[in-house]
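As the structure is a computational prediction, the values presented were derived from the model and not from experiment. All ligand and atom numbering here is 1-based and tracks the order in the structure.
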Amino acid sequence: MPVMQRLAVIHTGGTIASRPSPDGRGLTPQQAPSVPGLPGVEVRDFQPFTLPSPQVTPAHMLQLGDLIARVAPEHDGVVVTHGTDTLEETAFALHLLLDTPAPVVLTGSMRHAEEVSWDGPGNLLDAAGVALHARSAGRGPLVVFGGDIFDARTVTKVHTTAVDAFGGYPGPIGRIDREGDTAHLKYFAGPEPRVSYHPPHLNARVDILYAYAGWRGEGYAAARAGADGIVIAALGTGNLPAELLPLIAATRQPVVIATRTHAGPVLPVYGYAGGGATLVDAGAIPASFLNAHKARILLLTLLGCGLDRGEIRRVFTQMEF
Ligand SMILES: NC(=O)C[C@H](N)C(=O)O
């Protein structure tokens, strides 16, 4: 008798679980999708919550991480279905939280089950194929969409409606394609050593501010007064208007500088007032390659672990994530 592989499928909602609501008021998550037939695979379903992903919070991410850590040892792979809007935040939170050897793969859909272009079954099948593949182990949680396999640190939603909704610099780390019943899976590089974190909570308040031409720091005072940390989606390599420099210098909480540009690192290059080098001299922490909302997830995690500003700076600058 061939040995059955065991797959856990954790449903959390999103368009992949949505249909038009009976009151005609638009799509709502209603029913978890079933995984298309997988010969030789025993599927166990879990449904910790059913939410549109704009309603998913860091507390849900922690809950999901705990559930995966519990079920992963009894399975060969784990698939998580999730709404696409905040999928990358959950994927990155799980990347930070989990050290399970079983592959964990997130997916979703852009079209719902009653549309002719329903992309749920294909994405689920691909995600299952990736999660059950030996070469997927040790890579941290992955995102599979449209056959592309993405690293949780770099994947981002790049289109509001297209079926190929995910991308992100420098692009997919692998690809799954089907030829009849055979899946072809290819990774373009090997796994790397990983660091994981075990925060007791993700309850800190971290605000994100978005920089623009002519910003004089509107909104900054409120963030400084109420937040445990601030992330700024800054300009280019991490620069800001000059007015922000004294505000950042006077802030005792960690201030992380990400970029609103869609690719590339934050680097302290410029020495004019508000240039990245002056912000770092004033105590700001460059976010490396993380976008602002992922930098926020990392900051929440590190604050939850009780790290101080110096330790937080080290994690971001040494890329211990
Ligand atoms: N395609 C989707 O899943 C979008 C949906 N608004 C969600 O994130 O829940």
Which segment of Ser109 sits under 4.0 Å of ligand 1 when only heavy atoms are counted: backbone
CA sep, side-chain torsions, deciding dist, call: Arg44, Glu74, salt bridge (charged side-chain N to carboxylate O under 4.0 Å, His left out): CA-CA 10 Å; Arg44 281 179 70 201; Glu74 294 149 23; 3.5 Å; yes
What are the two closest heavy atoms between Gly146 and Arg175, and how far apart are they? O-NH1, 2.9 Å
N/O separation below 3.5 Å, Thr84 to ligand 1: yes
In terms of atom number and element, which parts of ligand 1 are under 4.0 angstrom from non-hydrogen atoms of Thr15? 1 (N), 2 (C), 3 (O), 4 (C), 5 (C)
Inspect the contact between Asp151 and Arg139 and indicate whether a charged nitrogen and a carboxylate oxygen are less than 4.0 angstrom apart. no
Asp177 with Lys186: basic N within carboxylate O range, under 4.0 Å: no
Residue and atom name of the nearest protein heavy atom (relative to atom 8 (O) of ligand 1), distance in Å to one decimal: Ser53 OG, 2.5 Å
Are Arg296 and Pro58 close enough that some pair of their side-chain heavy atoms sits under 4.5 Å apart? yes
Show the atoms of ligand 1 that are less than 4.0 angstrom away from any heavy atom in Pro52. 9 (O)
Please work out which of Asp85, Leu27, Thr160 has its closest non-hydrogen atom nearest to atom 6 (N) of ligand 1. Asp85
